[in-house]
Amino acid sequence: MLNTHDIMETITMIQDENLDIRTITMGISLIDCADSDIDKSCEKVYNKTYRYAKDLVATGESIEKKYGIPIVNKRISVTPISMLVGVSGGDPVKYAKTLDKVAKAVGVNFIGGFSALVQKGFSAGDKELIQAIPHALAETDLVCSSVNVGSTKAGINMDAVKLMGETVRKASEETKDKQCIGAAKLVVFCNAVEDNPFMAGAFHGVGEADCVLSVGVSGPGVVRSVLSKMPDDASMNEVAEAIKKTAFKITRMGQLVGTEAAEMLGVQFGIIDLSLAPTPAIGDSVAHILEEIGLEKCGAHGTTAALAMLNDAVKKGGVMASSSVGGLSGAFIPVSEDAGMIDAARKGVLSLEKLEAMTAVCSVGLDMIVIPGDTPSEVISAIIADEAAIGMVNSKTTAVRVIPAIGLNEGEELDFGGLLGYGPVMPVRKQSPAKMINRGGRIPAPLQSLKN
């Protein structure tokens, strides 16, 4: 039976505290679209994706009207395209253009899956796809790309790490007239998950069903509001309990939307990803949650501990609310997409090194960080290697999405507009890691990989 208080609380969350469904993402398997003729394969990709996703946007809009719940993004993720390239050969950019075309035809915001999984080595199609990423992202508007370079089971593919440092830089260079947006649509993973609905890293894993509908819920503003009403002398376990209860309520809303959307579309319901994903809007910041917990500024000593508690409480609340919690689920710390992070970075309180420490306890990793345009590719590779090592050793997903701001220096700002926000160019260490990066090979899997 509906409770009047619960209804009013939800309305307040939506109207005043930036609660939203950040995305409904349809995952589509393209394995049966493989063909030795790349043009035939692209035709199959278009037809299958269109067939499944043609009503996705309309369904989302229908649910928005029915319940008054904002669904900010409607997205598609597909099987890693390198697998199709391995069969067809040819120019992978053809696939990227096909994905862009069908994404525009069905009206979604982004389509992810121009991806490769190379944690233990390169198979047919992998290198070709990676080398095509900069041009593919420059030639398309809605395509997102990701590459998994390491895992706890496999170790870190340092040849891939070297290649991805070069690729990130080229992606920025090829889109320097578009705010270097190419690098903002490219994620380098360790321990990538198969059911992540969030861009730019989403792809549809080979272990998934033919088509699934997953939901990404976000409510940092709601969590901050709850904490702002607590007394300053509330204990940390009381704070954690309040976050957990709030996450429970948010997840129940996601369950409602996801179940109904999947039923309307006639596809399988996948997972709810309860990730506190911020936006540049005031009041929608993970950094401000950490400050509400008791830090003068995000990045101060104590930030990692506060974030660890936040992330854990979010997961506990979400798991109690749904048996289908998956994806990444926790707290994102994308600098350019978070008003509090932007402010902390501008003031020099939040550094790249502190962000790296925070990634050991949060959902993903070094996300949407703008770095100087003259940063060498070896330094970018080393940033990727450091982050992958944190993921590998801690058996968690980590990722890097850094944007070399071509033509800009430390202290200047790069503005992407919209959800991707804007960010100050943050300093990086100038000492060269080139000798290490050029060694190549593989960093072996850690001892904890031997669990069988």
Side-chain angles (χ1 to χ4, degrees), residues 20-27 72-73 75 77 80 110 112-113 115 117 119 144-152 185-205 207-208 212-220 223 243 247 250-251 254-255 258 269-279 286 289 307-319 321-335 337-338 341 355-356 358-369 387-388 390-392 394-401 419:
D20 58 49
I21 301 294
R22 186 55 48 86
T23 180
I24 53 173
T25 300
M26 178 176 279
V72 179
N73 293 287
R75 298 163 172 170
S77 64
F110 284 117
S115 306
L117 310 178
Q119 57 268 24
C144 292
S145 180
S146 59
V147 177
N148 192 67
V149 299
S151 72
T152 301
K185 296 189 292 177
L186 172 58
V187 181
V188 187
F189 277 116
C190 177
N191 287 321
V193 298
E194 295 194 336
D195 57 3
N196 165 26
F198 283 98
M199 295 298 169
F203 63 87
H204 188 66
E208 296 285 310
V212 300
L213 195 286
S214 295
V215 173
V217 190
S218 185
V223 175
I243 295 169
I250 295 170
T251 307
Q255 179 86 28
F269 175 60
I271 56 95
I272 296 173
D273 186 322
L274 179 64
S275 288
L276 296 181
T279 71
V286 169
I289 296 175
L307 182 59
M309 184 270 289
L310 171 64
N311 210 55
D312 180 66
V314 165
K315 289 178 187 289
K316 286 173 177 172
V319 166
S322 171
S323 59
S324 300
V325 171
L328 299 165
S329 289
F332 287 175
I333 51 171
V335 175
E337 298 175 17
D338 186 307
M341 297 276 179
L355 282 162
E356 184 182 302
M358 293 164 68
T359 64
V361 299
C362 77
S363 274
V364 195
L366 296 170
D367 197 11
M368 289 303 293
I369 296 171
E387 195 60 26
I390 290 173
M392 175 183 72
N394 290 290
S395 301
K396 71 181 293 293
T397 304
T398 52
V400 172
R401 184 163 49 148
L419 190 64

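Numbering of residues begins at 1 and proceeds along the displayed sequence.
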Between Phe189 and Val364, the two heavy atoms sitting closest are CE2-CG1, 4.3 Å

Taken in chain and number order and not counting sequence neighbours, the residues that satisfy side chain to side chain contact (heavy atoms under 4.5 Å, CB included) with Ser145 are Phe114, Ile133, Leu137, Leu186

Residues passing the side-chain hydrogen bond (donor to acceptor under 3.5 Å, both in side chains) test with Lys315, sequence neighbours excluded, are none

Taken to the nearest 0.5 Å, the spacing of Leu276 CG from Ile333 CD1 works out to 12.5 Å

I would like to know whether Ile243 and Leu310 meet side-chain contact (heavy atoms from CB on, under 4.5 Å); could you show each step before the answer?
CA-CA 7 Å; Ile243 295 169; Leu310 171 64; 3.9 Å; yes

- Run the side-chain contact (heavy atoms from CB on, under 4.5 Å) check on Gln255 and Ile272 step by step: do they pass? CA-CA 7 Å; Gln255 179 86 28; Ile272 296 173; 3.3 Å; yes

The side chain to side chain contact (heavy atoms under 4.5 Å, CB included) partners of Ala360 (sequence neighbours excluded) come to Ile390

The salt bridge (Lys or Arg N to Asp or Glu O under 4.0 Å) partners of Glu387 (sequence neighbours excluded) come to none

Looking at Ser115 and Pro80, would you say the former's side chain and the latter's main chain have a donor-acceptor pair under 3.5 Å? no

Residue set satisfying side chain to side chain contact (heavy atoms under 4.5 Å, CB included) with Glu194, at least two apart, ordered chain then number -> Val206, Glu208

All heavy atoms of Ala192 vs all of Asn148, minimum pair found to be N-OD1, 2.9 Å

Smallest heavy-atom separation, Gly270 atom then Ser214 atom, equals CA-OG, 3.7 Å

(message) Checking the side chain of Lys396 only, and the main-chain atoms of Cys362 only, is there a donor and an acceptor separated by less than 3.5 Å?
(response) yes

Ile271 backbone acceptor or donor facing Ser324 side chain under 3.5 Å:
no

How about Thr23 and Val72: do any of their side-chain heavy atoms sit closer than 4.5 Å? no

Minimal heavy-atom distance between Val215 and Phe269, with the atoms involved, is CG2-CE1, 4.4 Å

Checklist entry - Quick one: does Asn73's side chain have a donor or acceptor within less than 3.5 Å of a partner on Arg75's backbone? => result no

Open item on the list: Please check: side-chain N/O of Asp312 versus main-chain N/O of Val314, any donor-acceptor pairing under 3.5 Å?
Closed with: no

Residues at least two apart in sequence or cross-chain that pass side chain to side chain contact (heavy atoms under 4.5 Å, CB included) with Ala247, listed by chain then number, are Leu274

d(Ile250 CD1, Ser218 OG) to nearest 0.5 Å is 8.0 Å

Those residues at least two apart in sequence (or on a different chain) that pass side-chain hydrogen bond (donor to acceptor under 3.5 Å, both in side chains) with Asp367 are Arg401

Closest heavy-atom pair, Phe203 versus Leu117, reported as atoms and distance to 0.1 Å, is CZ-CD2, 3.8 Å

Contacts of Ser363 meeting side-chain hydrogen bond (donor to acceptor under 3.5 Å, both in side chains) (sequence neighbours excluded), chain-then-number -> none

Here the gap from Glu337 atom CD to Phe332 atom CZ, rounded to the nearest 0.5 Å, amounts to 9.5 Å

Margin query: Test your reading of the model: is there a side-chain donor-acceptor pair from Asp273 to the backbone of Leu328, 3.5 Å cut-off?
Written below: yes

Asn311 (side chain) donor-acceptor with Val361 (main chain) under 3.5 angstrom: yes

Self-check item: Ser329 versus Ser275, side-chain donor and acceptor atoms under 3.5 Å
Solution: no

### Query
Taking C-beta and beyond as the side chain, do Met199 and Val187 meet within less than 4.5 Å on heavy atoms?
no

Those residues at least two apart in sequence (or on a different chain) that pass side-chain hydrogen bond (donor to acceptor under 3.5 Å, both in side chains) with Thr152 are Asn191

Separation between CG (Leu366) and CD (Glu356), nearest 0.5 Å, reads 6.0 Å

Determine whether Pro220 and Val223 make a side-chain contact, defined as any pair of heavy atoms from C-beta on separated by less than 4.5 Å.
no

Of all heavy-atom pairs linking Ala388 and Cys190, the shortest is O-SG, 3.4 Å

